[in-house]
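See structure below.
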There are 2 protein chains.
Amino acid sequence: MIKRTKGVTISQVADAAGVARSSVSRAFTRPDMLSPETVERILRAAETLGYVPNHTARALSTGRHGNIGLIVPDIANPFFPPLIQAAQTEADRSDFCIFLGNTAENPKQEDKLVGRFAGQVEGLVLASSRLSDERIRAHATQLPLVLINRDIEGIPRVLIDSSAGVRQAVEHLANLGHRKIAYVSGPAASWSNKQRRSAIRAGATARGMELSIIPTPSPTYQAGREAVDAVLQTGASAVVAFDDLTAQGILTGLAERHIVVPRDFSIIGCDDVLGAVTFPALTSVSNHSVDVGRIAISMLLDILRSRNVADVRYALDTKLVVRDTTADAPSQGLQLG
Amino acid sequence: MIKRTKGVTISQVADAAGVARSSVSRAFTRPDMLSPETVERILRAAETLGYVPNHTARALSTGRHGNIGLIVPDIANPFFPPLIQAAQTEADRSDFCIFLGNTAENPKQEDKLVGRFAGQVEGLVLASSRLSDERIRAHATQLPLVLINRDIEGIPRVLIDSSAGVRQAVEHLANLGHRKIAYVSGPAASWSNKQRRSAIRAGATARGMELSIIPTPSPTYQAGREAVDAVLQTGASAVVAFDDLTAQGILTGLAERHIVVPRDFSIIGCDDVLGAVTFPALTSVSNHSVDVGRIAISMLLDILRSRNVADVRYALDTKLVVRDTTADAPSQGLQLG
DNA sequence: CTGTTAGCGCGTTCAG
DNA sequence: CTGAACGCGCTAACAG
């Protein structure tokens, strides 16, 4: 049976060391304000008593908790883990702690989480938020906010600008002779989705290609797999997917119908997180999830330090990474198995 | 430019409603102790002032924060996201909030995180901890702890018992005619790894098979891919991998060497999280990451309610799920490309 | 350099 | 049913 020790307080340490409470406090936060020997004596006493500063009490008094919240729509999506890792590393450098929240693509859950986090964190990073602009603006009045892949004027944001990469993807397909293509889209509330969709539209128009849009409920492997029938019905010979996960699902769906990629059909993902993990290796639009995570946190920390919200809009560029899922359009249309 | 509103306190609400501070407090925590009309009046005042209870102050006073921490070694490993989701859902049912921490497989980082979380959470779930028994025991004296996939007597734990499933895997390979097999292992500090390794050893011995153990630095796609040379040098015709991620890496490594799975080589994963996502679809040992997440949280909540740590050991069973990466052993040995 | 004195915002006795 | 008073553990002026 495990015994639990109960919180030893600052005053007990003060008594044990024969000093005032404030000195103990200083020994931990401003050792340079005490004589070295006093610090030493206090630390020794604290050590033997097993004193550990009470984070909650400190936060109540200073208003600083040393935590920052990071909320993502779906940890299971391979786009986020690297971002999260990078965020954590960056936060760590300034001795901040990341509280991670997962909304399961659910705006209500996201709203709830933000409310729950506010008050325990000094600031919040919202990645690929599914909330309305109004809700986000409302939250921004409560605490410092940084957005990832969401473009709201007046709120600091860091964006992966897919347009260049997506444009290259369309060019790539056009050069391979594809005339009819499809875009398997992502969540309606996703900024990235809107952005990618219009980039494709622009590219297709420019090259006189026929474009169909296939909706999906959420960016998942399963959704991609189930979108395949709809894709095939459009008569397209190539598809661009909202993200790599969806693309991977499409890959499987095609294989199940004995359609060989890239011989019979070409496919391009976005985010480039599955890279060579799929078979065949997926052609995809690069991203910078690591940089984005790092930059967002660094921005937030700057804001926390300066107490001053500038209207920053940090956009990162993208490009196409060609691998093995794209090839010449089939010469006489798709051979359905 | 976004303006930030500053914390409206309980006393402001009290003034506005013409009551004492304590009444406002009660209106939120024990409405049944006030007259309905008073409650109504207070809530109205709070609403218009935009009052929101200060979580930190409340926690300081009550010792209850309504948070529980969940620490995992690697969010990027597909084993964890479903577990995390389930944990979050279960916590939500009791109106608790999950703080997620990621240790990047680093014991020092894990130790740091636990220290950082303790004091802001009421209890902690450590999933696949890489800490030593001593450290875990030490932490357990500080706050309620529940372990996932770590078997320490005296500390509540929920375990996925792979032995049955792994045993079936070995039987399966034996029946297919494989005589020499290899185990590509996981982290040294992993309880699951130790357990799986001994299950394989027992099975191989029982069927008179030759077994080689290949170490890896961490359970990742990359590690699996890099382990392939070592695997091939053992002369094995089949391999069991510590987890699906490693197995997927091995799959790629084999493909790169033009070794066709399952014709030339058989492979089995563990955790069954990549299921049909790989190509060919991976034969794997089932798991219950969802149940494990749910159960661990539910256990912790029980402990928090009863203030009483029982020595619970909850073990879940596993079985083999056969898909397309296992087949008869090649009749005249492996044809190296 | 160190001790003293106020709060931080809220929950909770304990009288009325 | 309500209000006044105290304390949670710590930091931040302000003296000395």
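Naming: A, B, ... by sequence-line order, numbering from 1 per chain.
- dG9(D) atom P lies 9 Å from atom CD of Gln12(A), rounded to whole Å.
- Atom NE2 of His65(B) is separated from atom P of dC8(D) by 16 Å (rounded to the nearest Å).
- Applying the salt bridge (charged side-chain N to carboxylate O under 4.0 Å, His left out) rule to pairs touching residues 72-90 of chain A yields Glu90(A)-Arg93(A), sequence neighbours excluded.
- Of the residues near DNA chain C, Gly18(A) and Pro53(B), the one whose nearest nucleotide (by heavy atom distance) lies more toward the 5' end is Gly18(A).
- Running 5' to 3' along DNA chain C, contacts with non-hydrogen atoms of chain A at under 4.0 Å begin and end at dC1(C) to dG9(C).
- Taking the six-membered ring for Trp and thresholds of 30 and 60 degrees, Tyr51(A) and Phe28(A) have ring planes more than 60 degrees apart, a perpendicular arrangement.
- Glu105(A) has a carboxylate O that lies under 4.0 Å from a charged side-chain N of Arg130(A), or vice versa, which qualifies the two as a salt bridge.
- The shortest non-hydrogen separation linking Leu145(A) to Pro156(A) is O-CD, 3.6 Å.
- With Val19(A) as the fixed residue, the side-chain contact (heavy atoms from CB on, under 4.5 Å) test singles out one of Val13(A), Val24(A), Leu34(A): Val24(A).
- With respect to Asp302(B) and Arg305(B), a salt bridge is recorded, a charged nitrogen being found less than 4.0 Å from a carboxylate O.
- Residue contacts shown for Leu60(A) include a base, since a base heavy atom lies under 4.0 Å away.
- Nearest heavy-atom pair, Ala86(A) versus Val290(A), reported as atom, atom and distance to 0.1 Å: CB-O, 3.3 Å.
- Between Arg44(A) and Glu40(A), at least one side-chain nitrogen of the basic residue sits less than 4.0 Å from a carboxylate oxygen of the acidic one, meeting the salt-bridge criterion.
- At a non-hydrogen distance threshold of 4.0 Å, Ser22(A), Ser25(A), Arg26(A), Thr29(A) from residues 20-39 of chain A come into contact with DNA chain D.
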